[in-house]
Protein chains: 2
Amino acid sequence: MPLRVLLVDDEPLVRAGLRAVLEAQPDIEVVGEAADGAAVVPLVRQTRPDVVAMDVRMPLLDGIEATRALLRTVADPPKILVVTTFENDEYVYEALRAGADGFLLKRARPAEIVHAVRLIAEGESLLFPASVRQLAAEYGDGGGNRAARAALARARLTEREGEVLRLMARGLSNAEIAARLVVGTETVKSHVSAVLAKLGARDRTQAVITAYESGFVAPG
Amino acid sequence: MPLRVLLVDDEPLVRAGLRAVLEAQPDIEVVGEAADGAAVVPLVRQTRPDVVAMDVRMPLLDGIEATRALLRTVADPPKILVVTTFENDEYVYEALRAGADGFLLKRARPAEIVHAVRLIAEGESLLFPASVRQLAAEYGDGGGNRAARAALARARLTEREGEVLRLMARGLSNAEIAARLVVGTETVKSHVSAVLAKLGARDRTQAVITAYESGFVAPG
DNA sequence: ACCCGGCTCCCCCGCGCGGGGGAGGCGGTC
DNA sequence: GACCGCCTCCCCCGCGCGGGGGAGCCGGGT
C-alpha cells in the first residue's frame, strides 16, 4: 500500500512542486492539498494521510496552530513534516514544540524531500537532517553564517524575546520597544540582556547581525 | 509552435512547481532547467527559449548578473521574467534595470504564472499587480527597503566610510575597527559619525540595518 | 596660490546601553 | 503544595557611544 501524503502550503507553486517530486515515486501518493491551516483537520479526517507536509507561515491558521489542532482533535494523527524556507525560523521551533515530527527546507533537493517523507512515515524523528549541514556548506561557505545559525539554534528564544529581537532588528531603542510593547524600559532591558546572552552577542548590533545572518529576519 | 520556457532557480522544488504549472498548458514547453546563473548563457544558446523564468537570489551568479550576461552576449535574447519571493526585493529592481522584462511573485496562483509567461512572450512588459501597487506607493510612503536604498544612494559614502560601515556590519566596536584599520579610535568615531549622518541613522544598529536592507552587505 | 574634500586626531559632555543582582506575580508541571 | 519558566519591574554602576566643535596634513582642481 502506498504512502499517503497531504500537502498544506499557501503557495500553489510549492504544492505543485511537492506533488511533482513526490508523485514521481511509485510508492508515494498525494491524497490532497490545502492552502491554509484551517482546512487541515477536515481534510485529514477525510483522506487519512500518513504524512502531512505543512508550511509554517500561512494565512488564517499557521502551521503551529494547525499542528496543535491535528494532535488535539484527530485520533491516530498523521506524522507532521514542517516545510520551511529558512533555517532557524522561530516558527519552526514552535511547531516542533507543538508536536511536529521533523522539518525540511524548501530548497532541499528532490531526493532529500522524498527521503524525509519516508523517514517521517517510518516514525523517525527528523530534526537536523544531513541536508541542512550540506546546504550550509554549499551556500554561504562563510563561517559567519553557520555561527549565526548555530547561535540562534542554541538560543531557544522565548516568544517575548523573539518579539524584542525583531524590534531591535528594526532599529528601535529600548524606550521605543517599551512603548511599542506597552511595558517598562526595565522590562525591555531584561529581554534584551536575555537575547544578548542567548545569542552570544556583545551588543544589540551584533544581535541584529545574527538575526539577519540566520534568516530570523529577512532583508527585502 | 509551442512557447519555449527555460527555468532558472536554485531550488529544485520551485523548478518542479513551475514545470508542473507550465507544462499543464498544451502550448507551453519547458525546454530546460538551470540551478544557477552561471549555466544560463550556454543553456539559452543551446535551447533557444522564448522566455527565461529566473530567480534573482542564487548562488554563484545571481539573476541580475545572469540577466546582464544574457543581454550582453546572446544575439536575439529571450524575454526575461524575474521570479521572486518577496515584494519590494531590491534585487528585483536591479534586475529590471539590468533589462528584465517583468517580474512575478512565487506565491502567485498557477493561472497568473501562466498568464505572466504568455504576456512576456508577447512582448508585454509585466509587473505583477500586487507589486504595481508597491511601485506606485513607493513614490509616496516609500517602503523600508526603498528607504534604505534611497538613504544609501543619498549617502555617497567615501571609501573609508564604506570600509567602516562594513566593519560595523560585522559587529565590531569602534576600538576594534580602529585596531583593524590601524588608526586611532577618535578617527573611527569621526567616520562612524559621518556614516550615521549620511545614512540618517540614529545609532550604529540602524546603520547596520540600512546596510543589510540596501544590499550594501549581504547575509549569507 | 588658493580652496576643498578626505583622512587623521583631539577636546568636552550627556546619555543610552549593558552587566549584576534582586523580587513579585502567574501559569504551568510534578 | 512545591517547583519552575516566563514576564514584569526595580536598584546601582561603568563605559562605550554619539554629538559638537576644532585642527593639522595631504592631494587634486581651478
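Labels below follow one simple rule: chain letters A, B, ... track the order of the sequence lines, proteins then strands, and each chain is numbered from 1.
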- Message: Counting only side-chain nitrogens and oxygens, does R160(B) get under 4.0 Å of the OP1 or OP2 atom of dT8(C)?
- Response: yes
- Message: The criterion is salt bridge (Lys or Arg N to Asp or Glu O under 4.0 Å); which residues satisfy it with R4(A), sequence neighbours excluded?
- Response: none
- Task: Would you classify S193(A) as touching base, sugar-phosphate or nothing, given that sugar-phosphate means primed atoms plus P, OP1 and OP2, and contacts are heavy atoms under 4.0 Å?
- Result: sugar-phosphate
- Taken to the nearest whole Å, CE/M168(B) to C1'/dG16(D) is 13 Å
- Query: What pairs of residues pass the salt bridge (charged side-chain N to carboxylate O under 4.0 Å, His left out) test when at least one of them lies in residues 168-177 of chain B, not counting sequence neighbours?
  - Reply: R202(A)-E176(B)
- Message: Going by the rule side chain to side chain contact (heavy atoms under 4.5 Å, CB included), which residues pair with A175(B) if we only count those two or more places apart in sequence or in a different chain?
- Response: S173(B), T185(B)
- Query: E159(A) CD to dC7(D) P: how many Å, rounded?
  - Reply: 7 Å
- Message: Could you work out, with side chain to side chain contact (heavy atoms under 4.5 Å, CB included) as the rule, every residue matching A194(B), not counting sequence neighbours?
- Response: E161(B)
- Message: Under 4.0 Å from OP1 or OP2 of dG6(C): is there any side-chain N or O of H191(B) that close?
- Response: no
- Message: Taking the side chain as everything from C-beta on, heavy atoms only, tell me whether V192(B) gets closer than 4.5 Å to V164(B).
- Response: yes
- Message: My understanding is that only residues two or more places apart in sequence, or in another chain, count here; which of them pass side chain to side chain contact (heavy atoms under 4.5 Å, CB included) with P12(B)?
- Response: R109(A), P110(A), R15(B)
- Task: Sort and list the pairs that fulfil salt bridge (charged side-chain N to carboxylate O under 4.0 Å, His left out) and have at least one residue in residues 180-190 of chain B, not counting sequence neighbours.
- Result: none
- Axis-to-axis angle across the helix from dA1(C)-dT30(D) to dC30(C)-dG1(D), five pairs an end, to 10 degrees? 40°
- Item | Gap between atoms CG and P, on L196(B) and dC17(D) respectively (whole Å) | 11 Å
- Query: Tell me, do P78(A) and L6(A) make a side-chain contact under 4.5 Å, heavy atoms counted?
  - Reply: no
- Query: Which residues, if any, of residues 174-185 of chain A bring a heavy atom under 4.0 Å of DNA chain C?
  - Reply: N174(A)
- Residues two or more places apart in sequence or in another chain: which of them pass side chain to side chain contact (heavy atoms under 4.5 Å, CB included) with S190(A)? none
- Task: Quickly work out the R202(B) CZ to dG19(D) P distance and round it to whole Å.
- Result: 11 Å
- Message: In whole Å, I'd like the distance from the CD atom of E161(B) to the P atom of dC7(C).
- Response: 6 Å
Between the protein and nucleotides 12-14 of chain D, list every N/O to N/O distance that falls short of 3.5 Å.
none

- Task: Please name all residues satisfying salt bridge (Lys or Arg N to Asp or Glu O under 4.0 Å) with E23(A), sequence neighbours left out, ordered by chain then number.
- Result: R19(A)
- Message: If I take atom CG in residue D203(B) and atom C1' in nucleotide dG16(D), what distance separates them, rounded to the nearest angstrom?
- Response: 13 Å
- Item | With sequence neighbours excluded, residues passing salt bridge (Lys or Arg N to Asp or Glu O under 4.0 Å) with R48(A) | none
- Message: Can you say whether a donor on the side chain of S190(B) sits under 3.5 Å from an acceptor on the base of dC7(C), or the other way round?
- Response: no
